[in-house]
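Note that the structure is a prediction, hence the values are computed from the model and not measured. The chains referred to below are lettered A, B, ... by the order of the sequence lines, with proteins before strands, and numbering in each begins at 1.
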Number of protein chains: 2
Amino acid sequence: MDKVKQIIKDKGQRFTSQKKEILNVLQQKPQTVFEIYTAVNSKKNHMNKVTVYRILTSFLELGIVNKVQFNDKEARFELSNSGHHHHLVCEVCGLIEDIQLPENIFLKEVKNKTDFKIKSHSLEFFGICDRCQ
Amino acid sequence: MDKVKQIIKDKGQRFTSQKKEILNVLQQKPQTVFEIYTAVNSKKNHMNKVTVYRILTSFLELGIVNKVQFNDKEARFELSNSGHHHHLVCEVCGLIEDIQLPENIFLKEVKNKTDFKIKSHSLEFFGICDRCQ
DNA sequence: AGTATTATTGCAAACAGATTGCAATAAGTC
DNA sequence: GACTTATTGCAATCTGTTTGCAATAATACT
Ligand SMILES: [Mn+2]
Ligand SMILES: [Mn+2]
Ligand SMILES: [Zn+2]
Ligand SMILES: [Zn+2]
């Protein structure tokens with residue numbers, strides 16, 4: 001949290017109560033704009049949806065959050081402090097689990113097959129979680 | 001093409017000139033709704049954008065096309081006759097290349113690490129193509 | 001070929017998610 | 001506490017997608 005605050009202030013931007021609230025909500029799990037908006041407004045204080053969009057866009061530019069896109073569903077935002085990883089998405093209950101993989105197992109394979117210079121990738125799994133089976 | 005025609009007629013649906021045109025356009029490469037709309041309208045005959053949406057939705061349900069989502073960009077549609085595969089996307093020129101990988105190299109790894117029953121996955125690579133380097 | 005049936009199309013309107021302009025507000029500095 | 005200016009809230013706008021409905025055209029049947 002203090003680290004995030006520093007990133008914000010280093011850019012001459014302000015650490016507002018709205019930004020604090022959104023950061024708190026994001027601690028839980030990756031969430032859509034709508035979910036974040038709903039969560040911050042469940043409390044007494046009101047926050048405009050436009051503000052949620054603007055803060056998330058700013059966080060994205062500062063590298064504080066990542067945007068994750070699961071197939072055709074709405075994009076989700078998650079704190080980027082946990083580093084690069086992939087996801088398992090339960091198609092029944094919507095649970096999202098992080099997973100870390102030894103990536104060279106397929107990156108090596110890709111290098112063999114193409115001349116593309118790979119910069120990044122996204123790998124997401126869809127299925128049914130333990131509890132929903 | 002005749003195979004697609006059969007799929008459509010088997011469902012009691014009609015093989016219209018609009019569907020034919022969209023199928024032709026999709027032969028080239030995976031495209032966004034806007035691109036498809038533009039392509040079919042570049043010729044003399046007009047096709048409404050709503051029609052493009054409706055036909056693509058229908059093709060999706062019939063399994064004639066697949067929807068591919070690259071990060072936060074618009075979804076693209078590609079003919080599904082080539083089977084499951086992944087993509088390399090050039091961040092400079094937008095070129096999309098298909099790539100096939102031996103999937104068990106990472107599916108096995110995932111099974112070891114989680115109780116999720118995996119049904120499907122998406123794996124897309126982003127980088128710079130041969131020509132753009 | 002002509003007629004009947006009904007899926008499909010085009011057009012206008014509605015909808016949903018995201019963005020923008022601007023005046024009022026409040027975070028940070030002195 | 002006063003000053004500067006990034007940020008917020010609100011209304012309006014924009015962009016992508018969906019829906020209702022009457023007109024059209026693909027198919028099946030005489
Ligand atoms: Mn995650
Ligand atoms: Mn492809
Ligand atoms: Zn589940
Ligand atoms: Zn390229």
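Here A:His121 and B:His87 keep their ring centres 6.0 angstrom or further from each other.
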Give the intermediate values and the outcome of side-chain contact (heavy atoms from CB on, under 4.5 Å) for residues A:Glu109 and B:Gln100. CA-CA 10 Å; A:Glu109 186 72 22; B:Gln100 211 116 16; over 6 Å; no

Determine, step by step, whether A:Gln6 and A:Asp10 satisfy the side-chain hydrogen bond (donor to acceptor under 3.5 Å, both in side chains) criterion, reporting the C-alpha distance in whole Å, the side-chain angles of both residues, the deciding distance to 0.1 Å, and the verdict. CA-CA 6 Å; A:Gln6 206 45 53; A:Asp10 283 351; 3.0 Å; yes

Please report the C-alpha distance between B:Glu103 and B:His86 in whole Å, then the side-chain angles of each, then the deciding distance to 0.1 Å, and finally whether the side-chain hydrogen bond (donor to acceptor under 3.5 Å, both in side chains) criterion is met. CA-CA 10 Å; B:Glu103 320 222 315; B:His86 305 117; 3.3 Å; yes

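When the C1' atom of C:dG17 is taken as reference, atom CD of A:Glu35 falls 15 Å away, rounded to whole Å. The distance from atom CD1 of B:Ile55 to atom C1' of D:dA26 is 13 Å, rounded to the nearest whole Å. Counting to the nearest Å, the P atom of C:dA18 and the NZ atom of A:Lys67 are 7 Å from each other. In this structure, B:Ile8 atom CD1 and D:dA26 atom C1' are separated by 12 Å, rounded to whole Å. Atom-to-atom, NZ of A:Lys5 to P of C:dA27 comes out at 11 Å; the value is rounded to the nearest Å. A straight line from CG of B:Asp10 to C1' of C:dA7 spans 16 Å, rounded to a whole angstrom. If you measure from atom NZ of A:Lys49 to atom P of C:dG17, you get 6 Å, rounded to the nearest angstrom. Protein atom CG of A:Leu56 is 15 Å distant from nucleotide atom C1' of D:dT7, rounded to whole Å.
Geometrically, B:Lys119 does not engage A:Phe126 in a cation-pi contact defined by less than 6.0 Å to the ring centre and at most 45° from the axis.
No N or O donor and acceptor, one from the side chain of B:Arg54 and one from the base of C:dT9, sit under 3.5 Å apart.
Phosphate proximity of D:dT8 to A:Asn48: absent, as no side-chain N or O sits under 4.0 Å from OP1 or OP2. For the OP1/OP2 pair of D:dA6 and a distance below 4.0 Å, the side-chain nitrogens and oxygens of A:Gln13 include no atom meeting the criterion. Between B:Thr16 and C:dA7 there is no side-chain N or O to OP1 or OP2 distance below 4.0 Å. Look at A:Tyr53 and you won't find any side-chain N or O under 4.0 angstrom from OP1 or OP2 of C:dT19. A:Lys9 has a side-chain polar atom (N or O) that falls below the 4.0 Å cut-off from OP1 or OP2 of C:dG28. Contact between the side-chain N/O atoms of A:Thr51 and the OP1/OP2 oxygens of D:dT7 is not found at any separation under 4.0 Å. For A:Gln18, a side-chain nitrogen or oxygen approaches OP1 or OP2 of D:dG9 to under 4.0 Å. Checking the phosphate oxygens (OP1, OP2) of C:dC11, a side-chain nitrogen or oxygen of B:His46 falls inside 4.0 Å.
Residue contacts shown for A:Phe15 are limited to sugar-phosphate atoms, with no base heavy atom under 4.0 Å away. Counting non-hydrogen atoms under 4.0 angstrom, A:Lys19 reaches the backbone sugars and phosphates but no base.
DNA chain D is contacted by both B:Thr57 and B:Ser17; B:Thr57 maps to the nucleotide lying nearer its 5′ end (nearest heavy atom per residue). Where B:Val52 and B:Gly12 meet DNA chain C, the nucleotide closest to each residue was compared, and B:Gly12 sits on the side nearer the 5' end.
The environment of B:Lys108 atom NZ is sparse: at most 12 non-hydrogen atoms of other residues, nucleotides or ligands sit within 6.0 angstrom.
Nearest nucleotide to the side chain of A:Val50, out of C:dA7, D:dT7, C:dT20: C:dT20. Distance from the side chain of A:Val33 is smallest for C:dA18 among the nucleotides C:dA18, C:dT6, C:dA26.
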